[in-house]
2 protein chains.
Amino acid sequence: MFSIGTLSDRTGVKIPTIRYYEEMGLLPEPERTAGNQRRYTQAGLDRLGFIKHARDLGFTIESIRALIDLNDHPDHSCATANAIATSQLDDVRAKIARLQRLETELVRIATHCDGKGRASDCYVLTSLADHSLCETAH
Amino acid sequence: MFSIGTLSDRTGVKIPTIRYYEEMGLLPEPERTAGNQRRYTQAGLDRLGFIKHARDLGFTIESIRALIDLNDHPDHSCATANAIATSQLDDVRAKIARLQRLETELVRIATHCDGKGRASDCYVLTSLADHSLCETAH
DNA sequence: TCTTGAACCTCTAGTTACTAGAGACGTTAG
DNA sequence: CTAACGTCTCTAGTAACTAGAGGTTCAAGA
């Protein structure tokens, strides 16, 4: 049996976050000692690892809840899991595309200003005030 | 003079958000009608446009506050504006790099699963349970 | 001038995924 | 047995809004 601190050390998930996952229903309520402290089994540790990995990949708590549900029902179709992963991939790609557009604009804005002039002539400020100077939509 | 609804229509910023910006000190408190409704000048409209553009580029409220402060003091050096823009650019680039690593993993995970199998054999689920299958750090 | 309907007001609470802190209690090594 | 550290619950805070309740004001048409 593992204490909450041990789980935290092994997975890199902070203690309050573990308790938060429990409250959100991602982790089942573990056994308690006579003094009311949580004691986890290997299964609890594994599940927390699963959650951590999914969170690192950007899955929402809601998505993870659905994935765990599937994990607990091995006979179900994995169509849902595939849909969740694909949707997450689309999401990540959309975010990359948007950030790349922002990068273009920020490079333009930042390179026109060497930081040595005065605010009244600053291209950073001018550029923010006038959207029409932008090259891409955002 | 413009009503808050007009400002909203012209800038694309929702009405509650405009009030929120006012509360955060990004927008000065506008004049009011006898019946307590906000009435904005052209300067107010321009400032909201500035804020909107900066938010679209991902600047935080805190950064925008600093940029506005510079805008209001044309004699100050623009070193701060340059630093804020550069830092924002670094931030965007770091986010892109991380998302690209996630994309790699998600492609790997999603393409191994056609959604037609059963949950017990699902690569999405296996992969999330076992971090060692990953190709990159995240 | 009156009416009506859209626009506006303030205030509270909810969102996501945690994080921080207070104050009390439990566990364990020496 | 005691000191020191781990853990407990609870509340509140974070960023940047969004939603809704319940009430007031404005502007345009009759």
Side-chain angles (χ1 to χ4, degrees), chain A residues 1-27 29-40 44-45 47-48 50-68 84 87-88 91-92 95 98 102 138, chain B residues 1-27 29-40 44 48 50-68 84 87-88 91-92 95 98 102 138:
Chain A
M1 305 294 273
F2 313 109
S3 70
I4 197 168
T6 306
L7 245 72
S8 175
D9 291 344
R10 298 262 190 108
T11 58
V13 178
K14 288 182 190 147
I15 290 173
T17 307
I18 297 175
R19 292 198 274 249
Y20 170 76
Y21 289 158
E22 180 182 323
E23 205 185 357
M24 292 298 101
L26 297 189
L27 281 173
E29 291 185 19
E31 286 180 45
R32 300 280 185 140
T33 63
N36 201 36
Q37 298 194 358
R38 292 168 178 81
R39 285 301 116 100
Y40 295 90
L45 179 55
R47 171 157 293 187
L48 184 56
F50 182 102
I51 295 167
K52 169 80 158 84
H53 194 189
R55 283 296 300 135
D56 284 348
L57 287 167
F59 289 88
T60 65
I61 299 286
E62 254 334 289
S63 297
I64 296 172
R65 207 195 303 281
L67 290 169
I68 283 174
I84 292 170
S87 145
Q88 176 61 15
D91 209 60
V92 165
K95 280 182 181 148
R98 181 180 144 81
L102 300 194
H138 48 260
Chain B
M1 304 293 271
F2 313 110
S3 70
I4 197 168
T6 306
L7 245 71
S8 174
D9 291 344
R10 297 262 190 111
T11 59
V13 177
K14 287 182 189 145
I15 290 173
T17 306
I18 296 174
R19 292 198 274 248
Y20 170 75
Y21 289 158
E22 180 181 324
E23 204 185 357
M24 292 298 101
L26 296 190
L27 281 173
E29 292 185 19
E31 286 180 44
R32 302 278 186 143
T33 63
N36 201 34
Q37 298 194 358
R38 292 168 176 81
R39 286 300 117 99
Y40 295 90
L48 184 56
F50 182 102
I51 295 167
K52 168 80 158 88
H53 195 190
R55 284 295 301 134
D56 284 348
L57 287 167
F59 288 88
T60 64
I61 301 285
E62 255 334 288
S63 297
I64 295 171
R65 206 195 303 281
L67 290 169
I68 283 175
I84 291 170
S87 145
Q88 175 62 16
D91 210 60
V92 165
K95 280 182 181 148
R98 178 179 147 80
L102 300 193
H138 47 261

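Because only heavy atoms are used, hydrogens play no part in the values below, and waters and symmetry mates are left out as well, while side chains stay in.
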Given that A/Arg39 and B/Arg38 both sit by DNA chain C, which one's nearest nucleotide is further toward the 5' end?
->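 It is B/Arg38 whose nearest nucleotide is closer to the 5' end.
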
Have a look at B/Arg38 and tell me which of B/Glu22, B/Glu31, B/Glu29 forms a salt bridge (Lys or Arg N to Asp or Glu O under 4.0 Å) with it.
->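 For B/Arg38, the salt bridge (Lys or Arg N to Asp or Glu O under 4.0 Å) test succeeds with only one of B/Glu22, B/Glu31, B/Glu29, which is B/Glu22.
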
Return the value, rounded to whole Å, for the distance between atom [atom1] of [X] and atom [atom2] of [N].
X	N	atom1	atom2	answer
B/Lys52	D/dA16	NZ	P	15 Å
A/Arg32	C/dT27	CZ	C1'	15 Å
B/Ile64	D/dC17	CD1	P	8 Å
B/Ile51	D/dC17	CD1	P	10 Å
A/Glu62	C/dT15	CD	C1'	13 Å
A/Asn36	D/dG6	CG	P	19 Å

Of B/Gln37 and B/Ile61, whose closest DNA chain D nucleotide lies nearer the 5' terminus?
->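 Its nearest nucleotide lies further toward 5', so the answer is B/Ile61.
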
Which nucleotide, C/dC9, C/dA17, D/dT7, lies nearest any side-chain atom of A/Arg55?
->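 Selected nucleotide: C/dA17.
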
Can you find a pair of side-chain heavy atoms, one from [X] and one from [Y], that are under 4.5 Å apart?
X	Y	answer
A/Val92	A/Leu57	no
A/Leu45	A/Thr6	no
B/Phe2	B/Leu48	no

Below 4.0 Å: OP1/OP2 of D/dT25 and any side-chain N or O of B/Thr33 |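 No.
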
Any side-chain N or O of B/Ser3 under 4.0 Å from OP1/OP2 of C/dC8?
->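 Checking C/dC8 against B/Ser3, a side-chain N or O does come within under 4.0 Å of OP1 or OP2.
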
Under the side-chain contact (heavy atoms from CB on, under 4.5 Å) rule, what do A/Tyr21 and A/Arg55 come out as? Steps first, then yes or no, please.
-> CA-CA 11 Å; A/Tyr21 289 158; A/Arg55 283 296 300 135; 3.5 Å; yes

Which heavy atom of A/Leu27 sits nearest a heavy atom of A/Gly44, and at what distance?
->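 Shortest heavy-atom contact: CD2-O, 4.1 Å.
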
Residues within residues 10-25 of chain A bordering DNA chain D, heavy-atom distance below 4.0 Å |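 Per residue number, the list reads A/Ile15, A/Arg19.
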
With distance as the sole test, does A/Gln88 use its side chain to make a donor-acceptor pair with the main-chain N or O of A/Gly58 at under 3.5 Å?
->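 Side chain of A/Gln88 to backbone of A/Gly58: a pair is present.
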
